[in-house]
Amino acid sequence: MIHDIDIVMSLVKSPIRDLRAIGVPVLTEHADIANARLEFESGAVADVTASRISARSSAHPRASA
């Protein structure tokens, strides 16, 4: 997920105004699913989700302006 956030920050090129994140344990006592929402000064918003329990390894970064 950290690399997805790096990519989003390199594309948006605006300071972060707000950052919210949550991790949820589903199968283990650690965060199995994590979501981060980045809101930028420019008005852009990015949602980044990562899961360790999906059938395939994937991350889903999403951004809108």
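Computed from a predicted model, the values in this text were never measured in an experiment. Position 1 is the first residue of the sequence, and the numbers go up from there.
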Considering non-hydrogen atoms only, spot the tightest contact between A46 and F40 and give its length. CB-CE1, 4.3 Å

Between CG on residue N35 and CE on residue M1, distance to nearest 0.5 Å: 6.0 Å

Sole candidate of L27, D32, V26 that passes side-chain contact (heavy atoms from CB on, under 4.5 Å) when paired with R52: D32

Measuring from M9:CE to I16:CD1, what's the distance to the nearest 0.5 Å? 4.0 Å

S42 (side chain) donor-acceptor with S14 (main chain) under 3.5 angstrom: no

Residue list, salt bridge (charged side-chain N to carboxylate O under 4.0 Å, His left out) with E41, at least two apart or on another chain: none

Is it the case that one hydrophobic cluster holds both V48 and I7, taking links as side-chain heavy atoms less than 4.5 Å apart, direct or via other members? no

Does one hydrophobic cluster hold both L11 and I5, with members joined at side-chain heavy-atom distances below 4.5 Å? no

